Participant: 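I'd like to ask you about the structure that follows.
Each chain gets a letter, A, B and so on, in the order its sequence line appears, and its residues count up from 1. Because the structure is a prediction, the values reported are computed rather than measured.
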Amino acid sequence: MANEVILLDFWPSPFGMRVRIALAEKGVKYEYRDEDLRNKSPLLLQMNPIHKKIPVLIHNGRPVCESLVAVQYVDEAWNDKSPLLPSDPYQRAQARFWADFVDKKIYDIGKKTWATKGEELEAAKKEFIDALKLLEVELGNKPYFGGETIGYVDVVLIPFYCWFYAYETCGNFSIEPECPVLIAWAKRCMQKESISESLPDQQKVYEFVLMMRKNLGIE
Amino acid sequence: MGEVKLLGSWGSPFSRRVEMALKHKGVEYEFIDEDLANKSPLLLQYNPVHKKVPVLLHNGKPIAESVVILEYIDETWKTNPIFPKHPYEKAMARFWAKFIDEKCNPAIWQIIWSRDKERDKAIEEAIVHLKTLENELKDKKFFGGETIGVVDIVANLIGFWLGVMQEATGIELVTKERFPILSNWIDEYVSCSVIKENLPPREKLLEAFKSRLNAPAWKY
């Protein structure tokens with residue numbers, strides 16, 4: 001049976017990056033298709049009619065939507081190497097809890113650091129740093145959230161690292177002095193090819209954010 | 001297989017999800033009812049991040065977030081599985097659980113707590129999402145097939161709380177005319193024994209909604 005894998009994605013999307021990293025960790029060969037989100041392809045609309053969003057992983061013609069669902073699917077469908085979730089049910093529950101935490105906090109609050117001003121911005125910056133600090137406590141002195149090797153939470157969180165420069169520059173704040181352990185973790189992750197090859201350059205992300213700010217009418 | 005405790009709340013659909021799963025698998029547990037207006041030191045200790053129910057304690061180790069707990073329960077107690085075995089079907093179950101939690105339920109709550117134009121908008125949105133969910137059900141008895149699965153458990157707000165909310169507000173969202181398949185599912189759902197035995201007392205829930213609706217700006 002041919003193993004045909006297509007990923008419908010959009011280059012700056014941290015959600016798409018998660019799936020890229022998971023596929024790379026598993027050594028899966030796939031076709032990457034970058035979508036123009038202002039002009040979505042018929043395939044995207046067909047494969048994700050409910051949300052019409054990327055990423056969509058298409059495995060032998062069957063779509064898996066929602067990045068966390070897709071990453072877990074990749075982990076389970078290609079279970080011969082590089083497990084992303086631990087085998088112990090309690091550890092798995094902790095990993096899922098923190099992945100859910102990242103999903104609830106990082107993207108939305110991160111967005112406020114480049115899309116808001118004044119008091120709203122100040123509140124967002126504080127909330128963002130507080131969330132990162134909680135993640136730092138969870139990381140502890142492990143090299144990765146997954147322990148000695150990259151795991152589910154690492155895959156779910158690291159894509160936002162290439163957005164940090166944009167957050168910091170637009171929001172006028174610096175993350176490293178507040179969260180040195182997390183930045184050290186991020187740099188350690190970037191040493192891994194599966195991650196560095198999956199994340200775009202932070203300058204390009206920043207330019208993309210500037211364009212979005214302009215489109216949204218934010219000065 | 002170890003000591004199981006559940007920090008929950010009698011009226012919380014999230015808390016009841018966990019009870020349904022535990023009962024479905026025949027797992028004995030101690031229920032600790034939390035007063036959400038006055039959270040116990042135990043709750044704050046075991047869920048410092050969100051400070052919410054439910055929290056499952058298995059041999060003293062806490063797990064929070066209802067769907068995370070459901071996955072844990074299915075992996076720990078193998079009787080009567082609630083998740084499908086095959087990775088693709090499992091991915092679909094996770095997708096629909098997310099859809100219910102991120103789209104259907106918030107739209108339903110928005111109807112209850114909003115008024116006038118905002119409420120009309122919320123009703124429109126809820127109808128769209130519930131139609132999508134109904135299409136997924138098709139001709140199956142339950143989302144899980146012949147027996148209840150995780151999606152049925154996660155859909156408990158729609159299965160039971162919604163009926164009570166409709167009575168408390170006088171709003172008719174899910175009717176047999178508008179949602180024939182979903183209405184059928186609701187009937188099957190509340191007659192299914194493991195579900196029936198894990199629902200809050202209807203009158204008590206109705207009273208709670210009515211009093212909250214009459215109180216000034218309150219959010220669940």
Participant: What part of P62(B) gets closer than 4.5 Å to chain A, counting heavy atoms only: side chain, backbone, both or neither?
Facilitator: both
Participant: Might you confirm whether atom NZ of K90(B) has over 12 heavy atoms from other residues, nucleotides or ligands at distances under 6.0 Å?
Facilitator: yes
Participant: Is it true that E75(B) and R96(A) have a side-chain N and a carboxylate O under 4.0 angstrom from each other?
Facilitator: yes
Participant: Can you confirm whether K112(A) is buried at NZ, in the sense that more than 12 heavy atoms of other residues, nucleotides or ligands lie under 6.0 Å from that atom?
Facilitator: no
Participant: Is there a side chain to side chain contact (heavy atoms under 4.5 Å, CB included) between F101(A) and H50(B) once you walk through the steps?
Facilitator: CA-CA 9 Å; F101(A) 176 84; H50(B) 301 303; 4.0 Å; yes
Participant: Under 4.5 Å from any heavy atom of chain B, what part of D88(A) do you find: side chain, backbone, both or neither?
Facilitator: neither
Participant: Is NZ or CZ of R62(A) both nearer than 6.0 Å to the six-membered ring centre of Y88(B) and within 45° of the ring axis?
Facilitator: yes
Participant: Measuring from atom CG of D100(A) to atom NZ of K98(B), what distance do you get when rounded to the nearest 0.5 angstrom?
Facilitator: 8.0 Å
Participant: Against chain B, work out which of N79(A), V64(A), D75(A), I50(A) has the most heavy-atom pairs shorter than 4.5 Å and name it.
Facilitator: I50(A)
Participant: Can you say whether K61(B) sits under 4.5 Å from chain A via the side chain, the backbone, both, or neither, judging by heavy atoms?
Facilitator: both
Participant: Which heavy atom of A64(B) sits nearest to which heavy atom of F97(A), and what is that distance?
Facilitator: O-CD1, 3.7 Å
Participant: In terms of heavy-atom proximity below 4.5 Å to chain B, should P63(A) be classed as side chain, backbone, both, or neither?
Facilitator: both
Participant: Just checking K126(A): does its NZ atom have more than 12 heavy atoms from other residues, nucleotides or ligands closer to it than 6.0 angstrom?
Facilitator: no
Participant: Would you indicate whether the side-chain heavy atoms of V49(B) and K104(A) approach each other to under 4.5 Å?
Facilitator: no
Participant: Which atoms of E102(B) are under 4.5 Å from chain A, going by heavy atoms: the side chain, the backbone, both sets, or neither?
Facilitator: side chain
Participant: Could you check if a side-chain atom of V68(B) sits within less than 4.5 angstrom of a side-chain atom of W98(A), using non-hydrogen atoms only?
Facilitator: no
Participant: For K111(A), does the NZ atom sit with more than 12 other heavy atoms under 6.0 Å from it, leaving out its own atoms?
Facilitator: no
Participant: In terms of heavy-atom contacts, does CD of E119(A) have more than 12 from other residues, nucleotides or ligands at under 6.0 Å?
Facilitator: no
Participant: Looking at K5(B), I want to see if its NZ is surrounded by more than 12 non-hydrogen atoms of other residues, nucleotides or ligands under 6.0 Å.
Facilitator: no
Participant: Between H86(B) and chain A, with a heavy-atom cut-off of 4.5 Å, which part of the residue counts as in contact: side chain, backbone, both or neither?
Facilitator: side chain
Participant: Testing the basics here: between A91(B) and Y73(A), what is the closest heavy-atom pair and its distance to 0.1 Å?
Facilitator: CB-CD1, 4.1 Å
Participant: Are there more than 12 heavy atoms of other residues, nucleotides or ligands under 6.0 Å from atom NZ of K140(B)?
Facilitator: yes
Participant: Less than 4.0 angstrom from a charged side-chain N to a carboxylate O is my criterion; do E76(A) and R94(B) meet it?
Facilitator: yes
Participant: Can you confirm whether K52(B) is buried at NZ, in the sense that more than 12 heavy atoms of other residues, nucleotides or ligands lie under 6.0 Å from that atom?
Facilitator: no
Participant: Could you check if a side-chain atom of F95(B) sits within less than 4.5 angstrom of a side-chain atom of H51(A), using non-hydrogen atoms only?
Facilitator: yes
